[in-house]
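Reviewing the structure listed below.
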Amino acid sequence: MQVTDLEVYGITDGQRIKTPQQPWRKTPEWNKKYLETLTEEIVSFKPCCEMGLSEVRILMLGPVGMGKSSFYNTINSVFKGRISQSAPCGISANGITIAYTPYEVKVRSGATLNFRLCDTRGLEVPQGLDILECNYLLHGNIPDHYEFNPAASFCPDNPGFVHLPKVAEKIHCVLFVLDAASVSDMQPKLVEKMQIFQRLVNRKGIPQAVLLTKVDLVCQDVESNTSNVFTSKNIEAAVNKVSGLLGLPRNNILPVKNYENEIELDDNISILALLAMRQLLYFAEDYIQVLHNKLKVCNVSNKKLDKRES
Ligand SMILES: Nc1nc2c(ncn2[C@@H]2O[C@H](COP(=O)(O)OP(=O)(O)O)[C@@H](O)[C@H]2O)c(=O)[nH]1
Ligand SMILES: [Mg+2]
């Protein structure tokens, strides 16, 4: 007998149970304590105070309907302690989101957390956000709440163009949002557009990650319990696929299941969303550290130049 695939089952009380699979990404045990730990870490997140930066901006980019606005709603729900839908979401031909909105997240006491999830117009081909607009967004030139005009690109002549953006108005991490169900048959033109955007983000040295939404739609085990996400072969395959497609390390691909049908919070959905959120804050924090070090070097060399000139 040649064994090519072996699954081991145990029998308990006459029921057939499957032995647990090895996770493809390890995390501590998912329970209330872990949820509290993640929550506290995110609440206590503080970007570099030496640079006078009190909050970081994470820009969500991706095609319409992928779950960008829903991700903000999910994170906001976790901290609000109830399902919340402040960002309009749903399905519409050209997308429901047309404005640049840096959403804040508040805890129950009313305190605001030190990051903003920036929602914006979808990335469509041939329409949608264009590369120049993306550049202005990254650079902080586009004012908060600006409504994109599908008939004309944003340009420096637009009223409200921020000519000298502060570090706090720039983007500190880019989050490409894709849904797990559609990654296997993405339009080549769309992939190409995303890669062009990626090159721009890379050139600016801004960290990037991918949020892989709707994991409940590609695996029944995950649909029935979100905590199965890191043992699901389908989700692992989707993560590998996106990692190859966009040339990013696998730990930059963050699976989530957004709140969309639920009317009560679910600890497992919340834990997965917070794991993604914490990772994004780590990326932004590392970037700001690099910026800070660069500024220090620039200041030292400027001082040397000043001395030589005087
Ligand atoms: N099943 C499922 N549906 C989702 C998930 N995230 C978002 N959706 C649904 O996908 C649709 C589009 O979401 P939306 O947040 O408006 O996408 P956006 O255009 O990227 O902002 C909505 O009907 C959501 O309810 C998810 O994780 N699972
Ligand atoms: Mg939206």
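Just so you know, ligand 1 is whichever comes first in the structure, and atom 1 is the first atom listed for that ligand.
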Looking only at distances, please establish whether an N/O atom of ligand 1 is found under 3.5 Å from an N/O atom of [X].
| X | value |
| --- | --- |
| Gly67 | yes |
| Lys257 | no |
| Gly65 | yes |
| Lys68 | yes |
| Thr213 | no |
| Val256 | no |

[X] heavy atoms, cut-off 4.0 Å: which ligand 1 atoms fall inside?
| X | result |
| --- | --- |
| Asp216 | 1 (N), 2 (C), 26 (C), 27 (O), 28 (N) |
| Ser69 | 15 (O), 21 (O) |
| Cys89 | 14 (P), 15 (O), 16 (O) |
| Val64 | 19 (O) |

Legend entry - Note: Lys33-Glu36 ion pair, threshold 4.0 Å (strictly below):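 A salt bridge is absent here (no side-chain N lies under 4.0 Å from a carboxylate O).
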Legend entry - Proximity to ligand 1 by part of Asn73, non-hydrogen separation under 4.0 Å: neither
Legend entry - Proximity of Asp179 to ligand 1 by residue part, where a heavy atom lies under 4.0 Å: neither
Inset, instruction - Please answer: with hydrophobic residues joined when any side-chain heavy atoms are less than 4.5 Å apart, are Leu248 and Tyr287 in the same cluster? - result: yes
Pick whichever of [options] has a heavy atom sitting closest to [atom].
| atom | options | result |
| --- | --- | --- |
| atom 15 (O) of ligand 1 | Ser70, Ala180, Pro255, Pro63 | Ser70 |
| atom 2 (C) of ligand 1 | Glu260, Gln85, Met60 | Glu260 |
| atom 26 (C) of ligand 1 | Arg121, Met66, Lys214 | Lys214 |
| atom 6 (N) of ligand 1 | Leu123, Thr74, Asn258, Leu217 | Asn258 |

Legend entry - Phe161-Tyr136 aromatic ring centre distance below 6.0 Å: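 Distance test on ring centres: under 6.0 Å, yes.
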Inset, instruction - Could you tell me if the ring centre of Phe148 sits under 6.0 Å from that of Tyr100? - result: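 Between Phe148 and Tyr100, the centre distance exceeds or equals 6.0 Å.
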What are the two closest heavy atoms between [X] and [Y], and how far apart are they?
| X | Y | result |
| --- | --- | --- |
| Tyr34 | Glu29 | CB-O, 3.5 Å |
| Pro165 | Gly140 | CB-O, 3.3 Å |
| Leu35 | Asp267 | CD2-OD1, 3.4 Å |

Legend entry - Test item: side-chain donor near acceptor, Asn202 and Gln208, under 3.5 Å: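 Indeed, the side chains of Asn202 and Gln208 share at least one donor-acceptor pair under 3.5 Å.
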Legend entry - Any donor-acceptor N or O pair under 3.5 Å, side chains Asn76, Ser86: yes
Inset, instruction - Compute the minimum heavy-atom distance from Val177 to ligand 1 and say whether it is under 4.0 Å. - result: no
Legend entry - CG-NZ distance between Leu113 and Lys46, expressed to the nearest 0.5 angstrom: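 Output value for this atom pair is 10.5 Å.
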Inset, instruction - May I ask you to check whether Ser69 brings an N, O or S atom to under 2.8 Å from the Mg ion (ligand 2)? - result: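 Here the distance criterion (N, O or S atom, under 2.8 Å) is met by Ser69, so yes.
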Inset, instruction - Check the angle between the aromatic planes of Phe230 and Trp30 and answer parallel, tilted or perpendicular using the 30° and 60° thresholds. - result: perpendicular
